Structure formats: structure tokens, C-alpha cells
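Keep in mind that this is a model prediction, so the values were computed, not measured.
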Amino acid sequence: MKRFFRPVEKDGSAKKPTLSSSSENGEISGEGSKKEPLKFITWNANSFLLRVKKNWPEFTKFITSFDPDVIAIQEVRMPAAGSKGAPKNPGELKDDTSSSREEKQILMRALSSPPFGDYRVWWSLADSKYAGTALFVKKCFQPQKVFFNLDRKASKHEPDGRVILAEFETFNLLNTYAPNNGWKEEENSFPRRRKWDKRILEFVLQSSDKPLIWCGDLNVSHEEIDVSHPDFFSAAKLNGYVPPDKEDCGQPGFTLAERKRFGNILKEGKLIDAYRFLHKEKDMERGFSWSGNPIGKYRGKRMRIDYFIAAEKLKDRIVACEMHGLGIELQGFYGSDHCPVSLVLSEGRANSKETELSA
């Protein structure tokens with residue numbers, strides 16, 4: 001699919017686009033937006049290309065039926081553009097080898113067909129087939145700016161493509177793929193997750209300009225109600241290793257340390273968990289977004305680690321927030337080990353007033 005690029009301003013904004021254009025870094029400022037997005041999907045695809053190859057008809061049917069305004073994807077697992085040894089462009093798909101060109105063509109062909117042709121897409125990709133995020137926004141909804149880092153710096157991408165931040169007129173949307181906590185006190189495990197949580201806290205505390213909607217695979221189950229088997233996950237170990245700090249013990253995503261930090265982010269940032277706001281009771285059928293392999297000790301073991309987190313200011317507008325997977329056989333997971341999660345908001349007061357004035 002042919003791409004068109006424009007120069008990006010230093011502050012993260014960009015020149016006005018033509019109808020079919022998008023900038024290399026995704027920052028756009030357009031005219032003709034109908035209203036703000038109200039329907040959202042977040043999904044850890046566990047390899048977007050694999051889902052296109054194996055599960056696309058089913059996922060396409062789901063998207064056509066739900067008709068979201070925004071689709072946030074995590075674990076894209078497509079490498080960033082750039083030849084071996086050269087600087088990478090995390091905002092573009094790799095296509096400098098025959099295999100990468102073929103993979104990009106497969107993906108672009110799928111995304112040019114209905115209903116995905118109705119969306120603009122922004123990528124933030126890792127150097128290899130690892131992690132990465134994508135954000136699809138219907139073409140009638142123009143973000144004012146799009147960034148790929150928590151610092152709101154133009155052109156900069158977070159390591160491994162873990163962040164896409166879209167600023168709309170009345171709210172900011174943050175799509176993140178949080179790093180897994182791991183099992184040990186080593187560089188890519190506990191310290192990495194602590195640093196991530198600290199940066200997220202700093203971000204939400206500094207994001208008071210507009211209400212925030214934060215979605216994605218946040219890799220944490222906040223409370224015992226958010227896992228199917230609390231005792232199993234609390235006692236989980238890797239090769240018998242027990243961390244020196246008891247708060248770091250257990251399944252990554254369900255350690256007491258992670259859960260406390262997450263709770264503090266919500267409290268200090270004046271944020272609410274949209275799903276738990278609406279669903280107070282444990283739901284063993286539809287209450288989890290991640291499910292263990294149907295074969296082995298994790299069969300039937302499930303966690304809710306994919307979220308829509310919203311500013312408290314938006315709580316009266318939350319109409320629905322649902323998990324779209326069912327049971328331990330991964331029905332509605334579309335080949336991933338995560339199921340899509342949806343959020344529906346009612347129109348804001350500003351939009352309602354505009355409607356009244358034009359009636």
C-alpha cells in the first residue's frame with residue numbers, strides 16, 4: 001500500500017494533510033473531524049502477521065460487527081524498517097529483503113480490505129520480531145498529534161515500540177505494551193518493570209491537560225478477583241527460584257509489588273479501571289483477557305491483564321467495557337493468548353451541545 005509522507009514540526013505537530021496522507025511519525029493536524037471517537041478495541045495479537053495469515057476472517061467479522069473507531073494493537077511482532085547494521089525506522093515496516101517485502105505485502109493487502117481500509121494506522125516497532133504496537137483510527141477521526149513515547153518528543157520511539165499516544169480534541173489515548181515483570185532480579189526483569197511503572201506514574205501525573213484513556217496489555221492483574229486461581233499464581237515459581245523480596249514472588253503480573261505500584265498509579269493519577277467499574281463480581285467465563293495454554297499446567301489458568309483505564313472525569317461516560325473471549329478453550333481469542341477488550345463511551349457534553357444547537 002503506497003504511503004505518503006510530510007515534514008514533521010519540532011513540537012510534534014505537522015502541516016495540514018491531504019485526505020490520503022499521513023506523516024512518517026504520525027503527528028497530524030487536520031480539518032473535517034466529525035466528532036471524537038467513542039468505541040475502542042484493544043488487543044494483544046501475539047504476532048499481528050500470524051493473525052492475518054491464520055485468523056483474519058474471524059477477526060475481520062468481529063471488527064465489522066463491533067465497528068470500533070479506534071483499534072489499539074500490542075505485540076505486533078513485525079520488525080522496523082532499516083537494513084542490517086543501519087539505523088531503524090520504528091514507524092515503518094521492514095521491506096528491504098525478499099521475505100520482509102512478502103510479509104509486508106501480506107499485511108498491507110489485509111489492511112486495505114474492508115473494514116480496515118477505513119482506518120489510518122500508526123506503527124511503533126522493535127528492531128526484530130518482538131513487541132511493537134499499532135494504532136488504527138477511523139479516517140473521520142483526526143488525532144491532533146501522535147507521539148511514540150511517554151515524553152511527547154517528536155520522532156522518538158520507546159524501546160521495543162511499546163507506546164503510541166494519540167491526542168484528540170477532548171482526551172488523550174495511550175496505547176501501551178508493558179514489559180513483563182519476569183521472574184528474577186536481573187536487568188530485563190524486575191528493574192526494567194520498576195522503571196516502566198515509575199515512568200508511567202510520572203506520565204499520568206503530568207497529563208492533566210486532557211482526560212486520559214489508557215489501554216493495552218498492561219501485564220498486571222490488580223486484585224485477586226482479576227485472576228482465575230489466586231493461590232496458583234501467588235505460588236508460581238520458575239525452576240524453584242524464590243526472589244529475596246517476598247513482594248516479588250509469584251507469577252509475573254500478579255506479584256504484590258506490581259499490584260501495589262499499579263494501584264498507586266490509579267490512585268495518584270485519579271484513574272479508574274473501566275471494566276471493574278462496571279463489573280464488580282468475578283466472572284469465570286468472560287472476566288479474563290489472557291488464558292494459559294489449553295495443554296499443560298496453565299490450562300484453565302487465566303488473568304485479566306488487558307485494560308481500559310480512564311480518567312475519573314470520564315466515568316459517567318463509560319457505557320460498556322467487555323472482554324470478548326470465552327472459557328478455557330480460547331473462544332473469541334482469534335489465535336492469540338489474549339482476547340480483545342472493548343470500551344464504549346457516551347458522547348461528551350460539548351458534542352451534545354453542538355447537536356442541540358444544530359437541531
Side-chain angles (χ1 to χ4, degrees), residues 40 42 72 74 149-152 158 162-168 170-182 190-227 230 233-234 243 245-283 287-290 303-323 341 343-345 348:
F40 307 83
T42 183
Q74 306 85 44
N149 60 85
L150 296 173
D151 306 313
R152 287 186 166 97
E158 291 288 341
R162 293 186 180 273
V163 169
I164 301 181
L165 172 64
E167 297 186 357
F168 293 92
T170 61
F171 65 84
N172 294 331
L173 178 74
L174 177 66
N175 172 23
T176 67
Y177 176 38
N180 189 285
N181 190 58
F190 299 162
R192 179 178 69 160
R193 183 55 189 254
R194 291 188 197 112
K195 182 179 179 181
W196 170 268
D197 289 341
K198 182 175 182 290
R199 291 190 64 214
I200 288 289
L201 176 60
E202 292 169 351
F203 172 83
V204 300
L205 290 176
Q206 295 167 6
S207 298
S208 57
D209 55 331
K210 296 176 186 176
L212 177 68
I213 298 173
W214 173 25
C215 69
D217 178 356
L218 308 190
N219 255 322
V220 61
S221 293
H222 188 201
E223 306 286 357
E224 288 196 355
I225 192 176
D226 297 315
V227 297
F233 289 116
S234 295
D245 189 335
K246 290 184 179 180
E247 291 196 351
D248 289 323
C249 294
Q251 178 75 29
F254 195 62
T255 66
L256 191 56
E258 292 171 273
R259 293 162 59 196
K260 281 184 174 180
R261 292 195 300 266
F262 185 65
N264 187 53
I265 291 169
L266 299 187
K267 179 182 177 182
E268 295 297 321
K270 295 181 172 57
L271 302 168
I272 59 171
D273 174 351
Y275 178 82
R276 193 56 66 206
F277 175 68
L278 297 177
H279 304 271
K280 308 298 184 186
E281 304 297 325
K282 192 167 189 172
D283 184 344
F288 309 103
S289 62
W290 175 88
M303 307 174 75
R304 188 170 71 92
I305 58 178
D306 303 85
Y307 292 79
F308 277 100
I309 303 297
E312 289 181 355
K313 295 177 183 177
L314 296 174
K315 70 178 182 180
D316 292 334
R317 294 181 55 194
I318 299 173
V319 174
C321 186
E322 304 294 338
M323 309 284 145
V341 182
L343 173 72
V344 180
L345 299 179

- Message: Looking only at the aromatic ring of each residue, does the gap between the centers of Phe308 and Phe277 stay below 6.0 angstrom?
- Response: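 That pair fails the under 6.0 Å test.
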- Within 45° cone and under 6.0 Å: Arg304 NZ/CZ vs Tyr275 ring: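 Relative to the ring axis of Tyr275, which defines the angle, Arg304 lies outside at least one limit.
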- Message: Please check if the number of heavy atoms outside Lys282 that lie under 6.0 Å from its NZ is greater than 12.
- Response: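 More than 12 heavy atoms, drawn from other residues, nucleotides or ligands, come within 6.0 Å of this atom.
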- Message: If you count every heavy atom of other residues, nucleotides or ligands that lies below 6.0 Å from Lys280 atom NZ, does the total exceed 12?
- Response: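 Atom NZ in Lys280 is crowded, with more than 12 foreign heavy atoms closer than 6.0 Å.
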Could you tell me if the side chain of [Y] sits less than 4.5 Å from the side chain of [X], heavy atoms only?
X      : Y      : value
Asn175 : Gln74  : yes
Leu205 : Glu202 : no
Ile164 : Leu173 : no
Arg261 : Arg193 : yes
Ile305 : Val220 : no
Asp226 : Met303 : no
Leu201 : Glu268 : yes
Leu345 : Val319 : no

- Kindly indicate, with the supporting measurements, whether the criterion salt bridge (Lys or Arg N to Asp or Glu O under 4.0 Å) is fulfilled by Asp248 and Arg194. CA-CA 11 Å; Asp248 289 323; Arg194 291 188 197 112; 3.3 Å; yes
Interatomic distance, [X] atom [atom1] to [Y] atom [atom2] [nearest 0.5 angstrom]:
X      : Y      : atom1 : atom2 : result
Tyr307 : Leu271 : OH    : CG    : 13.0 Å
Ile200 : Lys195 : CD1   : NZ    : 13.0 Å
Leu165 : Thr176 : CG    : OG1   : 10.5 Å

[X] side-chain N/O to [Y] backbone N/O, donor-acceptor pair under 3.5 Å:
X      : Y      : result
Arg259 : His222 : yes
Glu258 : Gly253 : yes
Asn219 : Ala178 : yes

- Task: Evaluate the side chain to side chain contact (heavy atoms under 4.5 Å, CB included) criterion for residues Val204 and Leu212: first the C-alpha distance (whole Å), next the side-chain angles of each, then the deciding distance (0.1 Å), finally the verdict.
- Result: CA-CA 8 Å; Val204 300; Leu212 177 68; 3.9 Å; yes
- Check step by step if side chain to side chain contact (heavy atoms under 4.5 Å, CB included) holds for Thr255 and Cys249. CA-CA 6 Å; Thr255 66; Cys249 294; over 6 Å; no
- Over 60° means perpendicular and under 30° means parallel, so classify the ring planes of Phe168 and Phe171, tilted if in between.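 Correct class here is tilted.
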- Measure across Leu150 and Phe203 and return the closest heavy-atom pair with its distance rounded to 0.1 Å.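 In terms of heavy atoms, the two residues are closest at O-CD1, 3.4 Å.
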- Task: Evaluate the side chain to side chain contact (heavy atoms under 4.5 Å, CB included) criterion for residues Glu322 and His279: first the C-alpha distance (whole Å), next the side-chain angles of each, then the deciding distance (0.1 Å), finally the verdict.
- Result: CA-CA 9 Å; Glu322 304 294 338; His279 304 271; 3.4 Å; yes
